[in-house]
Amino acid sequence: MSGLSLIGLKKTFERGTPNEKLALDNVCLEAAQGDFITVLGSNGAGKSTLFNAILGKFRLDRGKIILDGEDITRQRDFKRALNIGCLYQDPMRGTAPNMTIEENLALAYTRKASRSFFAVNRRDSAYFRELLSSLHLGLEDRMKTKMGLLSGGQRQAASLLMATIAEPKLLLLDEHTAALDPATSEKVLALTRRLVEEKHLTCLMITHNMQAALQMGSRTIVMDRGKIALDISGEARQKLSVADLLQRFQATSGHDLDDDRILLSQSKHA
């Protein structure tokens, strides 16, 4: 099956100690190719732990991860990176600040183009210029500029191109607009939507912006205490307001979403 299958994922950290934490509790999720799933949840709900499990940052206690029909549960993280694009909250993370925009794109492109260390030819350079031009940020004229000299928004936009340039089988976005100002965040979210749709990528996006979670993509899940508490899609999701979502979560879990960042996001878009 194309897409992503998570089957009974379980992970406990610091087992047998006073700090024992059940981080993933029998998580199951089926995402077909092209599904764009937004992920909500309070701090400690398991969102980033879920992403790290998919990325192979630790060994699961139990469960399977199937990507595009291949069992990658025990695959090393550097091998998974060939097929999984990832973008983080920190605009400085995941790029080489002392390399140029062009060199960073070339490094990311090698996952698709070749296994040798990057060497930019004229055709690749023209392709990178075309991609950068589509951002409408003037970066196509700054390809020789070092990544570390870009603004946060410019860097996240360029990083999003890096994460998708090799057309990965899966794209993971971990609060990739949280550190940006509201106007820049909206631009990066619009670019995210366009790239995911154009490339028909399977995508999971963690966000604390509840309005964006309901408007972006095709499906929203809410995690709570290591489990998926809500999974909403289709017409039911289209009709759902932020207040409705909060009410459904409280009815299902027996408590409120208690992350201040989530509630602040709600008030901004009320």
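The structure presented is a predicted model; accordingly, all values stated were derived computationally and were not measured. Heads up: numbering here begins at 1 and tracks the sequence.
- Between Tyr109 and Phe128, the ring-plane angle classifies as perpendicular under the 30° and 60° cut-offs.
- Counting only N and O atoms by type, the side chains of Thr207 and His176 include no donor and acceptor under 3.5 Å apart.
- Side-chain N or O atoms of Thr100 include one that pairs as donor or acceptor with a backbone N or O of Glu103 at under 3.5 Å.
- Annotation: side chain of Leu172 is in contact with side chain of Leu170 (closest heavy-atom distance under 4.5 Å).
- The shortest side-chain heavy-atom distance between Leu9 and Ile65 falls under the 4.5 Å cut-off.
- Listed for the Gln156 side chain is a donor-acceptor partner under 3.5 Å among the backbone atoms of Tyr88.
- Between the Ser133 side chain and the Arg129 main chain, no donor and acceptor come within less than 3.5 Å of each other.
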Working for side chain to side chain contact (heavy atoms under 4.5 Å, CB included), residues Glu167 and Asn83
CA-CA 8 Å; Glu167 298 183 4; Asn83 295 309; over 6 Å; no
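- Note: Gln215 CD to Asn209 CG = 8.0 Å, rounded to the nearest 0.5 Å.
- Contact annotation: the side chain of Leu245 approaches that of Leu214 to within less than 4.5 Å [non-hydrogen atoms, C-beta and beyond].
- Looking only at distances, a side-chain donor or acceptor of Ser151 sits under 3.5 Å from a matching main-chain atom of Gln154.
- Taken from NZ in Lys11 to NZ in Lys57, the straight-line distance is 14.5 Å, to the nearest 0.5 Å.
- Nearest heavy atoms, Leu195 versus Leu201: O-CD1, 4.4 Å.
- Around CD of Glu198, the count of heavy atoms belonging to other residues, nucleotides or ligands within 6.0 Å exceeds 12.
- Side-chain contact of Thr17 with Asn19: a donor-acceptor pair under 3.5 Å is absent, judged by distance alone.
- Rounding to the nearest 0.5 Å places NZ of Lys79 at 14.5 Å from CZ of Arg74.
- Scanning all heavy atoms of the two residues, the minimum distance from Asn104 to Met99 falls at ND2-O, 3.3 Å.
- Under 3.5 Å, the side chains of His208 and Glu175 contain a donor-acceptor pair of N or O atoms.
- Between Leu60 and Leu24 the shortest side-chain heavy-atom distance falls below 4.5 Å.
- Between Met223 and Leu40 there is no side-chain heavy-atom pair separated by less than 4.5 Å.
- The local environment of NZ in Lys199 is crowded, with over 12 non-hydrogen atoms from other residues, nucleotides or ligands closer than 6.0 Å.
- Without hydrogens or angle criteria, Lys47 side chain to Gly41 main chain gives a donor-acceptor distance under 3.5 Å.
- With hydrogens and angles ignored, the 3.5 Å screen pairs a side-chain donor or acceptor of Thr202 with a backbone N or O of Gly34.
- Between the side chain of Thr145 and the backbone N or O of Arg142 there is at least one donor-acceptor pair closer than 3.5 Å.
- Rounding to the nearest 0.5 angstrom, the gap separating the CG atom in Leu246 from the OG atom in Ser241 is 8.5 Å.
- When atom types are taken as modelled, the side chain of Arg80 and the backbone of Gln75 share a donor-acceptor pair closer than 3.5 angstrom.
- Remark: Asp68 engages Lys169 in a salt bridge, criterion side-chain N to carboxylate O under 4.0 Å.
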Side chain to side chain contact (heavy atoms under 4.5 Å, CB included) between Leu131 and Leu105, worked out:
CA-CA 10 Å; Leu131 289 176; Leu105 286 171; 5.6 Å; no
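- Note on Tyr127 and Leu191: same hydrophobic cluster, where clusters join Ile, Leu, Val, Met, Phe, Trp and Tyr whose side-chain heavy atoms are under 4.5 Å apart, directly or indirectly.
- In this model, no donor atom of one side chain and acceptor atom of the other lie less than 3.5 Å apart for Thr12 and Glu20.
- In this structure, Leu173 is a member of the same hydrophobic cluster as Leu135, with clusters built from ILVMFWY side-chain heavy atoms closer than 4.5 Å.
- If you chain together hydrophobic residues whose side chains sit under 4.5 Å apart, Leu137 and Leu149 never meet in one group.
- Across all their heavy atoms, Leu132 and Leu161 have their closest contact at CD2-CD1, 3.8 Å.
- Interatomic distance, Ser5 OG to Leu67 CG, rounded to the nearest 0.5 Å: 9.0 Å.
- Atom CZ of Arg194 has more than 12 heavy atoms from other residues, nucleotides or ligands within 6.0 Å.
- Counting heavy-atom neighbours within 6.0 Å of Gln250 CD, excluding the residue itself, gives a total above 12.
- A salt bridge does not link Asp25 with Arg225: none of the charged nitrogens is closer than 4.0 Å to a carboxylate oxygen.
- Annotation for Ser233 and Ser218: closest pair CB-O, 3.6 Å, computed over non-hydrogen atoms.
- A single hydrophobic cluster is not seen to contain both Val188 and Val196; linkage of ILVMFWY side chains at heavy-atom distances under 4.5 Å, directly or through other members, places them apart.
- By the 4.5 Å heavy-atom criterion applied to side chains, Asp71 and Ile66 are counted as neighbours.
- You'll find the side chain of Thr95 stays beyond 4.5 Å of the side chain of Leu107, heavy atoms only.
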Evaluation steps, side chain to side chain contact (heavy atoms under 4.5 Å, CB included), between Phe36 and Met216:
CA-CA 8 Å; Phe36 186 170; Met216 295 281 289; 3.8 Å; yes
Tell me, with the steps shown, if Arg15 and Asp61 meet side chain to side chain contact (heavy atoms under 4.5 Å, CB included).
CA-CA 11 Å; Arg15 185 186 298 276; Asp61 299 334; 3.0 Å; yes
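- Between the side chains of Asp181 and Thr184, at least one donor N or O lies within less than 3.5 Å of an accepting N or O.
- Although no hydrogens or angles enter the test, the distance criterion places no donor-acceptor pair under 3.5 Å between the side chain of Lys21 and the main chain of Glu14.
- Thr38 and Thr220 are linked by a side-chain donor-acceptor pair at a separation below 3.5 angstrom, with hydrogens and angles left out of the test.
- No chain of hydrophobic side-chain contacts below 4.5 Å, direct or via other Ile, Leu, Val, Met, Phe, Trp or Tyr residues, connects Leu180 to Ile206.
- Thr49 contributes no side-chain N or O that, together with a main-chain N or O of Ala23, makes up a donor-acceptor pair within less than 3.5 Å.
- Taking CG of Asp224 as the start and OG1 of Thr252 as the end, the distance is 9.5 Å to the nearest 0.5 Å.
- Nearest heavy atoms, Met147 versus Ala96: CB-O, 3.8 Å.
- A pairwise comparison of heavy atoms in Leu204 and Phe51 identifies O-CZ, 3.4 Å as the closest pair.
- Contact of the Asp35 side chain with the Glu30 side chain is not registered, since no non-hydrogen atoms from C-beta on lie closer than 4.5 Å.
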